[in-house]
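Reviewing the structure listed below.
By convention in this document, chain letters (A, B, ...) are assigned in the order of the sequence lines, proteins followed by strands, and residues within each chain are numbered from 1.
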Amino acid sequence: MSALLEKSFFDRPVVAVARDLIGANLLFAGAGGRIVEVEAYDPTDPASHSFRGPTPRNRVMFGPPGHAYVYKIYGIHYCLNFVCQPGSAILIRALEPLEGLDIMRARRGGLADRQLCSGPGKLAQALGIDLEHDGLALDAPPFAISAAEGAHPIATGPRIGITKGAETPWRFVLAGSRFLSRPMAKVQPDL
DNA sequence: GAAAGGATCCGCT
DNA sequence: GCGGATCCTTTCA
């Protein structure tokens, strides 16, 4: 098991951090697994919550790097992000479930492992994350995030579910993973 | 004060 | 493949 990531890991350009998170291990209170899908957002990006500056909801995005930004979407689901440099964050979209399988299955209604964490809302539900956890530090419990070990083939493509900035290819996935929220429509190897 | 719409998921057709 | 659920943040008058 490699060392836990420190806040300085996140104090870099958001796209570089996003690439490095593919293959990293994310645990929240003992439940989680390998990160296989993320998306990057930055303040110059019309799809980003930070595009129009700080608001009560997104204030954590403008705080120090290495904290969790959690928000509610469509009145029902929660999404987990990692804050990088000011106004930048990475949406964690899918995990390969590895730890705490029993509790994650229970939270997700007994669904199959492929469906436990294959989407941002599902992942937050499986890990038990909600608005109470907005702003928590990522380098201390209940978070435990360790760096990827070895090489991971990364594919890139357009982000999912957005209407503005839809062409920006800031979705990063572990190529060929069975645990993605959706397959990469057109596999583009990362360069 | 009002209205629009969203970084989603699930069930039904 | 499509639409409803569900709510609250943000924007605009």
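Within the nucleic acid shown, A:T163 comes within 4.0 Å of sugar-phosphate atoms alone, with no base atom in reach, counting heavy atoms only.
Annotated stems with DNA chain C as a participant read B:1-6 with C:7-12, B:8-12 with C:1-5, given as range with range, by first number; only runs of 3 or more Watson-Crick or G-U pairs under 3.5 Å qualify.
In this structure, A:S50 contributes its side chain and A:G87 its backbone to a donor-acceptor pair below 3.5 Å. A donor-acceptor pair is defined here as one N or O able to donate and one able to accept, closer than 3.5 Å; such a pair exists between the side chain of A:D134 and the backbone of A:V70. Without hydrogens or angle criteria, A:R12 side chain to A:F9 main chain gives a donor-acceptor distance under 3.5 Å. No side-chain donor-acceptor contact under 3.5 Å links A:R34 to the backbone of A:G23. Proximity of a side-chain donor or acceptor of A:S118 to a complementary backbone N or O of A:R114 within less than 3.5 Å is detected.
Residues satisfying the ring pair (Phe, Tyr, Trp, His ring centres under 6.0 Å) test with A:F172, not counting sequence neighbours, are none. A:H133 is linked by a ring pair (Phe, Tyr, Trp, His ring centres under 6.0 Å) to A:F28, counting only residues two or more places apart in sequence or in another chain.
Within the structure, side chain to side chain donor-acceptor pair (under 3.5 Å) pairs that include any residue of residues 56-68 of chain A comprise A:T55-A:N58 (at least two apart or interchain). For residues 166-178 of chain A, every residue pair satisfying the side chain to side chain donor-acceptor pair (under 3.5 Å) rule, not counting sequence neighbours, is listed here: A:E37-A:R171. Within the structure, every pair that satisfies the ring pair (Phe, Tyr, Trp, His ring centres under 6.0 Å) test and touches residues 82-102 of chain A, not counting sequence neighbours, is listed here: A:F10-A:F82.
Atom CZ of A:R182 has 12 or fewer heavy atoms from other residues, nucleotides or ligands within 6.0 Å.
Taking atom C1' on both nucleotides, B:dG5 is separated from C:dG3 by 16 Å, rounded to a whole Å.
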Below 3.5 Å between N/O atoms, which protein atoms pair up with nucleotides 10-13 of chain C? Just atom names and distances, please.
residue: C:dT10; atom: OP1; partner: A:T55; partner atom: OG1; Å: 2.1

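A:I160 forms part of no hydrophobic cluster, judged by ILVMFWY side-chain heavy-atom separations under 4.5 Å. The other members of the hydrophobic cluster of A:L91, by chain and number, are A:Y41, A:V60, A:M61, A:F62, A:Y69, A:Y71, A:I73, A:Y74, A:V83, A:I162 (side-chain heavy atoms under 4.5 Å, ILVMFWY only).
Side-chain atoms of A:R108 and A:Q115 form no donor-acceptor pair, as typed in the model, at a separation below 3.5 Å.
Protein chain A touches strand DNA chain B; the 5'-most and 3'-most nucleotides with an atom under 4.0 angstrom of its non-hydrogen atoms are B:dG6 to B:dC10.
Using a cut-off of 4.0 Å between Lys/Arg side-chain N and Asp/Glu carboxylate O, A:K72 and A:D130 are scored as not salt-bridged.
Residues from residues 82-109 of chain A that place a heavy atom under 4.0 Å from any atom of DNA chain C: there are none. Residues of residues 61-79 of chain A that place a heavy atom closer than 4.0 Å to DNA chain C, in numerical order, are A:K72, A:Y74, A:G75, A:I76.
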